[in-house]
Amino acid sequence: TPVSLIGAPTDVGAGARGARLGPEALRIAGLTEALRGLGLDVADRGNLDGPPNPWSAPVGGYRHLDEVVAWNRNVMDAVAAELREERMPILLGGDHCLGLGSITAVARHCRERRKKLRVLWLDAHADFNTHEITPTGNLHGMPVACLIGMGPPCLTRLGGEAPAMQVGEMRQIGTRSVDPGERQLIKQLGLPVYDMRRIGDIGIKRVMEEALDGVDADTHLHVSFDVDFLDPSIAPGVGTVVAGGPNYREAQLAMEMIAESGCMGSLDIVELNPILDRDNHTALVAIDLVESLFGKSTLVRA
Ligand code: ARG
Ligand code: MN
Ligand code: MN
Ligand code: MN
């Protein structure tokens with residue numbers, strides 16, 4: 001299927017500024033050319049518009065709520081438009097609050113086409129906070145809660161009825177930084193999490209087999225790739241660095257196994273922060289891994 005790049009140059013949901021430059025960093029590092037090199041039909045839709053980052057303090061437990069709503073509406077509409085045309089949307093963030101708009105559009109598309117939804121949340125963080133338990137008020141720490149219906153109605157009802165999805169439709173992978181309130185909520189609601197401890201115990205191969213279990217031709221697989229998923233030794237250019245992540249080969253195998261499922265229907269690449277990077281190196285690593293997501297193989301006899 002043809003793919004469409006959608007830039008969302010904002011960091012209104014983040015605690016550090018710089019993710020607004022993510023789309024350009026990915027373009028300059030050669031994302032379009034890399035995908036075309038794999039034989040894909042790529043259209044770059046350019047960047048979406050939205051309000052500036054006011055860089056103000058949280059109000060009622062939320063930082064920049066109005067701005068986050070505005071950006072997510074624009075993302076949701078842009079992603080929905082690509083899905084309607086049978087194209088695969090690739091959202092270039094921007095911070096991870098935008099996963100809400102992207103996945104809300106994907107979930108609605110799945111309901112209309114009677115497809116099963118599976119979301120792979122590749123992230124050091126659970127992003128499962130609410131305004132009551134968030135330690136920061138940053139909305140990039142809340143999109144998963146909003147997607148399952150916990151949050152302000154302006155976000156949980158972005159696509160109409162809440163919730164956009166069920167906890168059982170998500171698998172979190174690479175988790176290693178969870179706030180105390182999030183930890184409780186994960187337990188209480190049974191959010192499926194493959195944390196770094198689990199990856200250490202059974203290995204990334206088995207983790208991915210389990211996370212992809214049940215994914216079939218009737219499944220739309222959405223990959224939400226927060227670049228801070230990766231170990232900071234290979235990907236330092238992110239605003240919320242957490243040590244102890246997957247190494248290059250573990251991440252690459254995860255991506256290869258997603259590609260082999262043949263079911264990926266949409267993708268977010270978020271939280272890349274070129275201001276905190278060196279020589280755009282993190283963008284290059286992210287692109288290498290996205291190539292694996294689209295079928296670049298390390299098999300000698302493919
Ligand atoms: N849990 C922290 C918070 O709520 C960090 C969230 C980081 N999220 C991210 N998408 N990088 O502020
Ligand atoms: Mn995240
Ligand atoms: Mn993260
Ligand atoms: Mn589809």
Side-chain angles (χ1 to χ4, degrees), residues 8 10-22 53 55 57-65 68 71-72 75 91-103 119-148 150-152 155 170-186 191 193-196 199 222-232 234-246 251 254 267-277 282 285-286 289:
T10 183
D11 34 37
V12 277
R17 286 172 289 190
R20 71 183 71 168
L21 303 171
N53 187 336
W55 201 242
V59 176
Y62 301 111
R63 252 183 115 200
H64 313 148
L65 182 58
V68 167
W71 274 102
N72 271 291
V75 165
L91 171 69
L92 312 179
D95 72 76
H96 214 172
C97 81
L98 304 172
L100 174 62
S102 172
I103 295 169
V119 175
L120 300 183
W121 195 267
L122 309 182
D123 199 332
H125 308 92
D127 294 344
F128 206 39
N129 273 307
T130 68
H131 72 110
E132 284 161 327
I133 60 177
T134 171
T136 61
N138 297 327
L139 276 147
H140 73 162
M142 310 187 203
V144 176
C146 292
L147 281 165
I148 65 148
M150 302 182 67
L155 291 179
M170 178 174 284
R171 303 290 182 274
Q172 297 210 336
I173 301 163
T175 326
R176 57 194 184 276
S177 173
V178 180
D179 301 316
E182 284 186 295
R183 194 176 297 270
Q184 247 192 323
L185 209 54
I186 288 170
L191 179 69
V193 171
Y194 294 93
D195 52 27
M196 285 312 298
I199 292 174
H222 177 92
V223 176
S224 205
F225 175 30
D226 181 330
V227 177
D228 69 33
F229 165 69
L230 305 171
D231 192 85
I234 58 166
V238 294
T240 45
V241 168
V242 191
L267 169 66
D268 311 318
I269 310 170
V270 296
E271 294 287 340
L272 174 67
N273 186 331
I275 295 287
L276 303 171
D277 203 6
T282 303
V285 169
L289 293 169

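Start at 1 and go down the list; that is how both ligands and their atoms are numbered. What you see is a predicted model; the values in this text were computed from it and never measured.
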Item to complete: Please report which non-hydrogen protein atom sits nearest to atom 5 (C) of ligand 1, along with the residue it belongs to and the distance in Å to one decimal place.
Response: His125 CD2, 3.9 Å
Worksheet item: Against heavy atoms of Gly141, which atoms of ligand 1 measure under 4.0 Å?
Response: 4 (O), 6 (C)
Worksheet entry | Student check: side-chain heavy atoms of Asn138 and Asp95 closer than 4.5 Å | no
Worksheet item: Between NE2 of His125 and CG of Asp228, what distance do you get to the nearest 0.5 Å?
Response: 5.0 Å
Worksheet entry | N/O/S atom name from Asp127 that is nearest to the position of the Mn ion (ligand 2) | OD2
Practice prompt. First locate atom CD of Glu182, then atom CE of Met142, and finally report the distance between them rounded to the nearest 0.5 Å.
Written response: 9.5 Å
Worksheet item: Any N/O/S atom of His140 sitting less than 2.8 Å from the Mn ion (ligand 3), backbone or side chain?
Response: no
Discussion item. Using 2.8 Å as the threshold, say whether any N, O or S atom from His125 sits that close to the Mn ion (ligand 2).
Written reply: no
Fill in: Any side-chain heavy-atom pair of Cys97 and Asn72 under 4.5 Å
yes
Discussion item. Does ligand 1 come near enough to Thr134 that some N or O of the ligand is less than 3.5 Å from an N or O of the residue?
Written reply: no
Discussion item. Do Ile186 and Thr175 have side chains that approach each other closer than 4.5 Å (heavy atoms only, starting at C-beta)?
Written reply: no
Discussion item. Could you check whether Asp11 and His140, counting side-chain N and O atoms only, form a donor-acceptor pair closer than 3.5 Å?
Written reply: no
Worksheet item: Would you say the side-chain atoms of Asp231 pair up with the backbone N or O of Gly245, donor to acceptor, closer than 3.5 Å?
Response: yes
Response to the item:
Among non-hydrogen protein atoms, atom 4 (O) of ligand 1 lies closest to Asn129 ND2, 2.9 Å
Worksheet entry | Numbering as shown, the atoms of ligand 1 that approach Asp226 to under 4.0 Å (heavy-atom distance) | 9 (C), 10 (N), 11 (N)
Discussion item. Can you tell me if, anywhere in Asp226, an N/O/S atom lies at a distance from the Mn ion (ligand 3) that is smaller than 2.8 Å?
Written reply: yes
Worksheet item: Hey, is ligand 1 close enough to Asp123 that some N/O pair sits below 3.5 Å?
Response: no
Worksheet item: Considering only the protein, which heavy-atom contact is closest to atom 8 (N) of ligand 1, and what is its distance?
Response: Asp127 OD1, 2.9 Å
Worksheet entry | Any Val223 side-chain heavy atom under 4.5 Å of Leu122 side chain | yes
Worksheet item: Of all N/O/S atoms in Asp123, which lies nearest to the Mn ion (ligand 2)?
Response: OD2
Worksheet item: Looking at the Mn ion (ligand 2), which N/O/S atom of His96 is the nearest one?
Response: ND1
Practice prompt. Using a 4.0 Å heavy-atom cut-off, say whether Val178 meets ligand 1 through its side chain, its backbone, both or neither.
Written response: neither
Worksheet item: Hey, which atoms in ligand 1 end up nearer than 4.0 Å to a heavy atom of Asp228?
Response: 11 (N)
Worksheet item: So, do Val227 and Ile269 sit near enough that their side-chain heavy atoms are less than 4.5 Å apart?
Response: yes
Fill in: CH2-CG distance between Trp71 and Asn53, expressed to the nearest 0.5 angstrom
10.5 Å
Worksheet entry | the Mn ion (ligand 3) contact by Asp228, N, O or S atom under 2.8 Å | yes
Worksheet item: In terms of residue, atom name and distance, what is the protein heavy atom nearest to atom 3 (C) of ligand 1?
Response: Thr136 OG1, 3.5 Å
Worksheet item: How far is atom 1 (N) of ligand 1 from its nearest protein heavy atom, and which residue and atom is that?
Response: Asp179 OD2, 2.7 Å
Worksheet, complete the sentence: Closest heavy-atom approach to atom 9 (C) of ligand 1 among Glu182, Met142, His140 is made by His140
